[in-house]
Amino acid sequence: MYDTARRVALVKQRVRENTRRRQRRGIYGLSAMCMLLFAVLMQAAGTVVAPGQPEAWGAFGAMLLREDAGGYVLVAVVSFAAAVIITALCFQLRKRENQKKDGTDKPTRHEKEEKSQ
């Protein structure tokens with residue numbers, strides 16, 4: 001039989017392992033989602049962008065000035081919007097996890113800094 005201190009240490013160790021496993025699963029899920037989004041955007045770029053000159057000679061910024069570069073701009077805007085949404089979701093998930101861990105609705109460090117200013 002274990003004494004109380006040993007049992008508490010084992011429980012804490014198991015909680016750390018479960019938390020690490022849950023975080024790892026979250027990272028794998030987000031990585032898979034990013035790869036899927038990348039594949040979808042690559043397919044979209046192939047269908048949206050018109051065939052033409054594959055590279056710009058001279059200045060690379062001049063490529064966006066061409067008349068058929070709208071597809072590139074569309075893919076860039078969609079990529080940026082997806083990144084913003086994924087980032088916002090990650091912040092919300094982290095905030096929710098912190099509230100669950102604390103057991104209360106304490107404001108996060110960032111919210112405390114905003115209130116103090």
Side-chain angles (χ1 to χ4, degrees):
M1 286 250 164
Y2 295 123
D3 62 339
T4 304
R6 178 69 178 151
R7 277 186 269 157
V8 168
L10 288 172
V11 168
K12 286 183 179 181
Q13 180 183 1
R14 194 172 303 134
V15 167
R16 279 193 302 270
E17 289 171 2
N18 287 339
T19 302
R20 205 172 305 127
R21 192 175 304 131
R22 190 175 341 114
Q23 288 174 347
R24 198 174 307 131
R25 259 185 299 194
I27 289 172
Y28 292 153
L30 287 174
S31 298
M33 222 170 58
C34 287
M35 291 303 290
L36 179 67
L37 179 64
F38 176 74
V40 168
L41 288 173
M42 288 303 292
Q43 288 294 339
T47 58
V48 173
V49 176
Q53 181 181 354
E55 67 270 341
W57 296 294
F60 291 108
M63 188 170 195
L64 293 177
L65 297 176
R66 289 188 7 208
E67 59 197 39
D68 59 344
Y72 290 110
V73 175
L74 176 65
V75 170
V77 169
V78 170
S79 300
F80 179 76
V84 168
I85 291 170
I86 290 171
T87 303
L89 287 174
C90 288
F91 277 122
Q92 290 296 325
L93 287 173
R94 182 180 222 181
K95 184 177 174 183
R96 191 175 303 151
E97 283 181 8
N98 286 343
Q99 288 176 352
K100 284 182 184 178
K101 184 170 49 172
D102 294 341
T104 60
D105 290 333
K106 289 188 210 176
T108 61
R109 180 178 58 88
H110 179 69
E111 292 172 346
K112 287 179 185 177
E113 290 173 359
E114 284 181 354
K115 288 181 182 178
S116 66
Q117 292 178 356

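Since the model is a prediction, treat every value here as computed from it, not as a measurement. Hydrogens, waters and symmetry mates are skipped; everything else that's a heavy atom, side chains included, is used.
For the atom pair R21 CZ and R14 CZ, the distance stands at 10.5 Å (nearest 0.5 Å). A distance of 6.5 Å separates CE in M35 from CZ in F38, rounded to the nearest 0.5 Å. A distance of 6.0 Å separates CG of L93 from CZ of R96, quoted to the nearest 0.5 Å. Summarising the geometry, atom CD belonging to E17 is positioned 14.5 Å from atom NZ belonging to K12; distances are rounded to the nearest 0.5 Å. Atoms CZ and CG, on R20 and N18 in that order, are 10.0 Å from each other to the nearest 0.5 Å. Put simply, CZ on R22 and OG1 on T19 are 4.5 Å apart, with the number rounded to the nearest 0.5 Å.
Under the 4.5 Å side-chain heavy-atom criterion for ILVMFWY residues, a single connected hydrophobic cluster contains both L37 and M33.
Within 6.0 Å of CZ in R94 there are 12 or fewer heavy atoms belonging to other residues, nucleotides or ligands.
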